[in-house]
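Quick notes on the structure that follows.
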Amino acid sequence: MTEVFHVVTQAIIGIRPDLGESPKAITRDAALFYAADPGQPVLGLDSMEALELISTLEKEFKVELADTDIRISDLRTVGDVVDAMAGAL
């Protein structure tokens, strides 16, 4: 799972290099778009960045999320993405 987290983190930094300047910003609890809870870290991806992230990860892990029961709308945090990718392998 640690390896999957690393790949997801690197994919996020590839899309948003500014997030790589503060590695502590990318945690399993970090929200991709907006915080559900006060104090929750937020990466602030926009919809195009989210699509790019999914596309990058599908290529990296050689999986098509459309062929799984994973719903992209359920991917709200970095941890959700990590768990989805790990489960799709």
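Residues: numbered from 1 along the sequence shown. Values in this document were obtained by computation on a predicted structure and should not be read as measured data. We use all heavy atoms of the structure for the numbers below, so side chains are in, but hydrogens, waters and symmetry mates are not.
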Taking side-chain hydrogen bond (donor to acceptor under 3.5 Å, both in side chains) as the definition, give me every residue that meets it alongside [X], ordered by chain and number, with sequence neighbours left out.
X     : result
Asp67 : none
Asp80 : Thr77
Thr9  : none

Donor-acceptor pairs are to be reported for all side-chain atoms of residues 47-61 against protein atoms at under 3.5 Å, with residues two or more places apart or in another chain.
residue	atom	partner	partner atom	Å
Glu49	OE1	Asp46	N	2.9
Thr56	OG1	Glu52	O	2.8
Glu58	OE2	Leu65	N	2.9

Distance-only donor-acceptor pairs under 3.5 Å for side chains of residues 82-89, two or more places apart:
residue	atom	partner	partner atom	Å
Asp83	OD1	Arg28	NH1	3.4
Asp83	OD1	Arg28	NH2	3.0
Asp83	OD2	Arg28	NH2	3.0

Ignoring hydrogens and angles, write down the donor-acceptor pairs under 3.5 Å from the side chains of residues 32-44, residues two or more places apart or on other chains.
residue	atom	partner	partner atom	Å
Gln40	OE1	Ala36	N	2.8
Gln40	OE1	Asp37	N	3.4
Gln40	NE2	Asp29	O	2.9

Heavy-atom side-chain contact between Val8 and Val78 under 4.5 Å =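 Yes, side chains in contact.
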
Look at atom CG of Asp69 and say whether more than 12 heavy atoms of other residues, nucleotides or ligands are closer to it than 6.0 Å.
->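 Check fails, neighbour count at 12 or below.
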
